[in-house]
2 protein chains.
Amino acid sequence: MRSERRTAVAPPRCSTCAVRDSALCSALDDGDLARIHAIGLRRTVAAEQVLVWTGDRNAICANLVSGVLKVVRAGPDRQDHIVGLLFPGDFVGELFADSASDTVQVLCDADLCIYPRAALRHVLDDHPAAERLLLRRALATLNDARKWMLILSRKTARAKVATFLIDMARRLDDAGAAAGKFDLPMSRSEIGAVLGLTIETVSRQVTALRVAGIIALPGGRSVVIRDHARLAGRAAA
Amino acid sequence: MRSERRTAVAPPRCSTCAVRDSALCSALDDGDLARIHAIGLRRTVAAEQVLVWTGDRNAICANLVSGVLKVVRAGPDRQDHIVGLLFPGDFVGELFADSASDTVQVLCDADLCIYPRAALRHVLDDHPAAERLLLRRALATLNDARKWMLILSRKTARAKVATFLIDMARRLDDAGAAAGKFDLPMSRSEIGAVLGLTIETVSRQVTALRVAGIIALPGGRSVVIRDHARLAGRAAA
DNA sequence: GCTGGTCTTTGATCCGCGTCAAACCCGTCC
DNA sequence: GGACGGGTTTGACGCGGATCAAAGACCAGC
């Protein structure tokens with residue numbers, strides 16, 4: 001049952017608006033936007049679908065318009081780790097690598113603008129401003145990855161789960177009425193794959209938060225944060 | 001006792017050659033190289049010195065010519081984690097962030113070409129090829145960080161230490177005669193800060209490798225890998 | 001209704017690694 | 001020489017989270 005997903009932050013707007021908000025295109029003027037639209041392919045992709053397989057040569061690149069994706073790296077013994085989550089506005093794919101190092105899979109039905117790598121690279125040749133935006137975004141992603149290195153190596157399971165929930169709330173909240181209420185776009189085992197924990201440990205920690213009255217679990221995958229302060233306290237440990 | 005450092009992979013060459021090999025400048029022609037030299041300041045920095053403090057506004061940027069640096073991020077409770085090591089040819093600093101998110105400190109006396117951020121950014125405006133190199137390097141660094149996320153969250157102390165030694169050997173080996181022999185540029189506690197382990201655990205694992213005959217510790221901080229295959233075996237676990 | 005499948009929760013047990021503590025090694029200084 | 005002091009090694013012990021195992025939830029299909 002994945003009909004309870006409400007993760008798209010807003011109903012899809014017109015293609016142009018959506019793309020203009022993205023990392024790649026906010027640096028382009030109208031004429032250039034038209035050019036990049038000419039090579040872009042708007043597509044909706046269902047949950048579970050894989051956009052990029054590890055090792056793909058010439059994998060796609062895209063802008064994520066709505067939905068959530070996971071970036072998965074396989075360990076040697078077939079145990080996977082989720083090294084990144086992608087939200088609306090994020091750039092998908094590796095423009096320059098000659099083969100993809102990670103698998104990218106859809107968590108919530110997603111809208112994408114897909115670009116052929118070669119064509120996109122060509123557009124970037126003429127638009128250093130867009131390329132600089134990609135650079136800044138790559139550095140921001142690196143910063144994020146390093147933040148997670150700290151969390152993964154130093155924090156306890158308690159703190160990991162609390163940190164994760166705060167992070168997800170920040171990115172998924174309907175900015176509107178119901179602050180602190182959102183639907184997790186992923187299963188417990190996928191949360192474990194993000195945090196480097198087993199599914200059982202994740203479940204125990206989430207239950208502990210519910211029992212302590214810090215969160216509520218109205219059902220399905222939805223989560224309500226009742227006590228932000230105490231949750232933040234656990235995350236800091 | 002840091003006279004035993006032999007970490008510079010080769011005796012320093014002339015400034016021009018050294019810089020040409022680096023990430024930043026291999027895309028420039030001779031005239032542009034001259035321009036970038038004009039804004040660069042060649043300096044030698046002793047071990048222990050701090051190049052960038054967390055929070056610095058307008059921190060330096062530089063190319064590392066020889067030596068090894070560590071990139072340290074502080075956790076909330078004053079426990080530090082080393083989120084990256086920098087080797088000759090690597091780019092130092094954050095060109096675009098308005099305040100540095102990490103502290104950068106010298107492990108082995110280092111030669112650097114230091115650039116003022118504003119001037120360097122200005123040079124990049126006119127050299128998209130150089131900027132693209134920075135982008136590719138940022139993506140490579142991100143890839144590395146994600147590799148470490150896997151290691152930190154999934155591997156045992158045994159595997160972490162083995163992986164670390166293999167990595168250091170790859171980067172520090174005199175490519176010449178003595179393959180598998182190198183001097184660690186850091187203390188046990190710094191190794192712990194890289195691997196997310198305590199100093200005691202690092203010590204125990206290193207000792208275990210020595211007892212098993214997989215490595216030898218001739219003294220000081222030097223390490224000899226006697227059995228690459230078994231070391232790789234432990235790293236895979 | 002019942003049955004089979006997947007995901008989640010809960011319990012019991014084990015072991016790896018953090019913690020605390022003490023000894024050791026190898027410099028420098030007096 | 002002996003006394004320091006920082007880094008390293010070794011030991012004893014306890015706890016957090018993995019592992020193994022089983023019981024619920026919840027849904028799909030019949």
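What's counted below: heavy atoms across the whole structure, side chains too, no hydrogens, waters or symmetry copies. Here the structure is a predicted model, which means the values were calculated and not measured. The chains referred to below are lettered A, B, ... by the order of the sequence lines, with proteins before strands, and numbering in each begins at 1.
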Side chain of [X] only, heavy atoms from C-beta on: which candidate in [options] is closest?
{"X": "A:Ile199", "options": "C:dG18, C:dT8, D:dT9", "answer": "C:dT8"}
{"X": "B:Thr198", "options": "C:dG18, D:dT9, C:dT9", "answer": "C:dG18"}
{"X": "A:Thr207", "options": "D:dT10, C:dT8, C:dT10", "answer": "C:dT10"}
{"X": "B:Arg204", "options": "D:dG17, D:dT10, C:dT8", "answer": "D:dT10"}
{"X": "B:Ser203", "options": "C:dG11, D:dT8, C:dT8", "answer": "D:dT8"}
{"X": "B:Thr201", "options": "D:dG17, C:dG18, D:dT8", "answer": "C:dG18"}
{"X": "B:Arg188", "options": "C:dG11, D:dG17, D:dT8", "answer": "D:dT8"}

*Reckon A:Gly196 touches a base, only the sugar-phosphate, or nothing at all at heavy-atom distances under 4.0 Å?*
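Sugar-phosphate: the residue A:Gly196, judged by heavy atoms under 4.0 Å, touches backbone atoms but no base.
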
*Does atom CZ of A:Arg158 have more than 12 heavy-atom neighbours from other groups under 6.0 Å away?*
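Not buried by this count: 12 neighbours or fewer within 6.0 Å.
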
*asked:* Within a 6.0 Å radius of atom CZ on A:Arg117, are there more than 12 heavy atoms belonging to other residues, nucleotides or ligands?
replied: yes

Return the value, rounded to whole Å, for the distance between atom [atom1] of [X] and atom [atom2] of [N].
{"X": "B:Leu152", "N": "C:dG18", "atom1": "CG", "atom2": "P", "answer": "12 Å"}
{"X": "B:Lys155", "N": "D:dA18", "atom1": "NZ", "atom2": "P", "answer": "17 Å"}
{"X": "A:Leu184", "N": "C:dT8", "atom1": "CG", "atom2": "C1'", "answer": "13 Å"}
{"X": "B:Arg210", "N": "D:dT9", "atom1": "CZ", "atom2": "P", "answer": "8 Å"}
{"X": "B:Gln205", "N": "D:dT9", "atom1": "CD", "atom2": "C1'", "answer": "13 Å"}
{"X": "B:Arg154", "N": "C:dC17", "atom1": "CZ", "atom2": "C1'", "answer": "18 Å"}
{"X": "A:Met186", "N": "C:dC7", "atom1": "CE", "atom2": "P", "answer": "14 Å"}
{"X": "B:Glu200", "N": "D:dT8", "atom1": "CD", "atom2": "C1'", "answer": "10 Å"}

*Take A:Met168 and A:Val223 through the test side-chain contact (heavy atoms from CB on, under 4.5 Å) and record every step on the way to the result.*
CA-CA 10 Å; A:Met168 294 303 283; A:Val223 176; over 6 Å; no

Side-chain donor/acceptor pairs under 3.5 Å, residues 139-152 of chain B, sequence neighbours excluded:
| residue | atom | partner | partner atom | Å |
| --- | --- | --- | --- | --- |
| B:Thr141 | OG1 | B:Arg137 | O | 2.9 |
| B:Asn143 | OD1 | A:Arg73 | NH2 | 2.7 |
| B:Asn143 | OD1 | A:Ser101 | OG | 3.1 |

*asked:* Exactly one of A:Leu64, A:Val65, A:Asn63 should register a side chain to side chain contact (heavy atoms under 4.5 Å, CB included) with A:Asp111. Which one does?
replied: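 Going through the options one by one, the only one that passes is A:Val65.
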
